[in-house]
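Just the heavy atoms: all of them, side chains too, but no hydrogens, waters or symmetry mates, feed the values below.
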Amino acid sequence: MNDCGNAEIRDQLPDLLHERLDEAARAAVLAHLSTCIDCDEELRLLRDVLGLLEARAPRIDVAAIVSALPKPPAVPAPRPRIGDSTVIPIASRQRRWADWRVAAAVTLLVAGGSSAVVLNRNAQHVQPGGVAAVASAPAAAGASAIAASPTEQATAMARDGATSTSAGGAAVSPTLGTMAVADEPAEAADLGNGSRLGDLNEQQLQTLLNEIDKLPAVPVTDPEPVSLRVTTRLTPFDGT
Amino acid sequence: MSESGGRGSDDSTDLELIARWKAGDERAASELVARHSAALARFAVSSGERNDVDELVQDTFVRAFNSIDGFRGDSSFRTWLFTIQRRLLLDRRRTEKRRRDKDEVQEDTASTEYDALDSVVADETRKRLQEAVGRLSPTQRDVFALRVGEGLSYKEIADAVGTTEGAARVHYHNAMRAVKEFLDE
């Protein structure tokens, strides 16, 4: 078996066997083969070798190989959503607890600050004698007085009976509203006959005080008598 | 040749399948094994391996997938698999040689392996051909098998066996001449 002198064609014979040649190269090799016995014999030899290799190769169990392969790299798990019944990582729980603490602090600041503002404003409006007048004023009067007070959103919410509030945590407690009502200025108190303390002049006020003085004294509940048991120890006096 | 071109029944390239496997798709691994296992088995047999070929092919895939990040795509995935399998074969031969030396059995490994397959060879021509290939040096045999059996280019063969493109060409032509001379005797 001789070697053909055309090394370029001989190099391409395995490519022809495996159909790896483009159209032009394939046509050129086939044209050469039609006239070259040596290359034709070599191509036949190559086919025999390929047939031999394929015949001797055992069948491979693909499934067995696949089962022995390592698992693919781990895919990162998606972040748990709200409502998922998955375990919440410690870091997430700590963050959630911190969020609650921040919300509570904001609520405290808003409520405390609002009450301080309301109390401060009311203190400026209180006049001498106002506390006593307010103390005797009915609750309804107090409520109406609140409406007449300077605009204070928190106080208005309390008047409307809002006991708490929005989800943001900015809350005004009912206690705050009550405090505002109790501290309303004296001129807002109704005396019961249509007139107000603020409408009285100095002489009328004096007259009113005199009438109050003439009223029978309110019986004072005496304190329960305390029975003291005194135990004395008599010692004989010896006169010295 | 569609197999070695990196596409099979899935119609995805080898690189696409590797990316899918890395993303968690185990079916991509099945496709890669189905696409290249037969070629690896042929190469193993042509390299003189007759025992536990399926185990060798499996070891090749396991090692490849364990070090898949080392595959840069500079060569084809099949060429990279041939490289891995060839290293495994060399390791096996060294181990086998040590064992034989210990047992004080001196034999021509290649010809013995091929002679043992006489029953498989159907006729005298195939038997002679098998013996001719078996007489090649290990490197000549690997180059010859990859060129004839798999249709790899000299560049791909050079990558697989760790040599230059020119050296691979010389190995092939020397192997071809040696086979012809044996058959002409």
Side-chain angles (χ1 to χ4, degrees), chain A residues 1-23 25-26 29 33 36-78, chain B residues 1 4-5 20-30 33-34 37-46 50 53-54 57-62 64-66 68-69 117 120-122 125-126 129-130 132-133 144-145 147-154 169 172-173 176-177 179-181 183-184:
Chain A
M1 198 178 295
N2 299 318
D3 290 341
C4 171
N6 192 334
E8 187 179 351
I9 293 292
R10 288 185 62 211
D11 255 350
Q12 292 178 319
L13 292 179
D15 297 322
L16 178 71
L17 189 65
H18 290 279
E19 299 177 3
R20 295 187 70 171
L21 292 175
D22 59 35
E23 276 300 316
R26 186 171 182 276
V29 172
L33 282 170
C36 180
I37 298 174
D38 294 335
C39 282
D40 190 54
E41 285 185 346
E42 187 167 319
L43 180 62
R44 197 175 304 144
L45 173 62
L46 292 175
R47 283 201 180 98
D48 289 342
V49 171
L50 178 60
L52 177 68
L53 294 175
E54 289 178 342
R56 293 178 62 218
R59 289 185 64 86
I60 298 298
D61 186 351
V62 173
I65 293 176
V66 171
S67 66
L69 293 180
K71 294 295 176 189
V75 179
Chain B
M1 187 178 176
S4 61
R20 277 168 49 189
W21 180 79
K22 285 182 178 178
D25 183 0
E26 294 190 54
R27 290 173 301 175
S30 300
V33 172
S37 57
L40 288 175
R42 284 195 297 270
F43 181 54
V45 169
S46 64
R50 73 172 194 275
V53 171
D54 49 351
V57 173
Q58 177 174 302
D59 290 348
T60 302
F61 277 109
V62 170
F65 277 92
N66 275 326
I68 199 77
D69 289 335
L117 289 167
V120 180
V121 180
T125 305
R126 279 200 169 183
L129 184 59
Q130 182 173 299
V133 174
F144 191 72
R147 183 71 180 137
V148 181
E150 306 304 327
L152 297 192
S153 68
Y154 292 120
R169 185 189 303 268
Y172 170 74
H173 285 289
M176 178 61 78
R177 183 171 297 116
V179 169
K180 284 180 177 177
E181 286 174 357
L183 294 176
D184 287 340

Quick one: closest heavy-atom pair of [X] and [Y], and the distance?
X	Y	result
A:Pro58	B:Ala41	O-CB, 4.1 Å
B:Val148	A:His18	O-NE2, 2.6 Å
B:Gly24	A:Pro72	CA-CB, 3.7 Å
A:Arg56	B:Gln130	CD-OE1, 3.5 Å
B:Phe144	A:Val49	CE2-CG1, 3.8 Å
B:Gln58	A:Ala68	NE2-CB, 3.5 Å

So do the side chains of [X] and [Y] get within less than 4.5 Å of each other, counting heavy atoms only?
X	Y	result
B:Arg147	A:Leu46	no
A:Leu45	B:Met176	yes
B:Val133	A:Leu53	no
B:Ser46	A:Leu52	no

With a 4.5 angstrom heavy-atom cut-off, is it the side chain or the backbone of [X] that approaches chain A, or both, or neither?
X	answer
B:Asp184	side chain
B:Leu183	side chain
B:Phe43	neither

Is it the backbone or the side chain of A:Ile60 that comes under 4.5 Å from a heavy atom of chain B, or both, or neither? side chain

Which atoms of A:Leu17 approach chain B - backbone, side chain, both or neither, heavy atom under 4.5 Å: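 The side chain, not the backbone.
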
Qualifying residue for side chain to side chain contact (heavy atoms under 4.5 Å, CB included) with A:Ile65, from B:Val57, B:Asp59, B:Val62, B:Leu40: B:Val57

Check this for me: does any side-chain nitrogen of one of A:Glu42 and B:Lys180 sit under 4.0 Å from a carboxylate oxygen of the other?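 Yes, this pair counts.
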
Most contact-rich option vs chain B, by heavy-atom pairs under 4.5 angstrom, among A:Asp11, A:Val62, A:Leu13, A:Asp15, is A:Asp11

Just do the side-chain contact (heavy atoms from CB on, under 4.5 Å) check on B:Asp54 and A:Asp61 with the steps written out, would you? CA-CA 8 Å; B:Asp54 49 351; A:Asp61 186 351; over 6 Å; no

With sequence neighbours excluded, residues passing ring-ring contact (aromatic ring centres under 6.0 Å, His included) with B:Phe65: B:Trp21

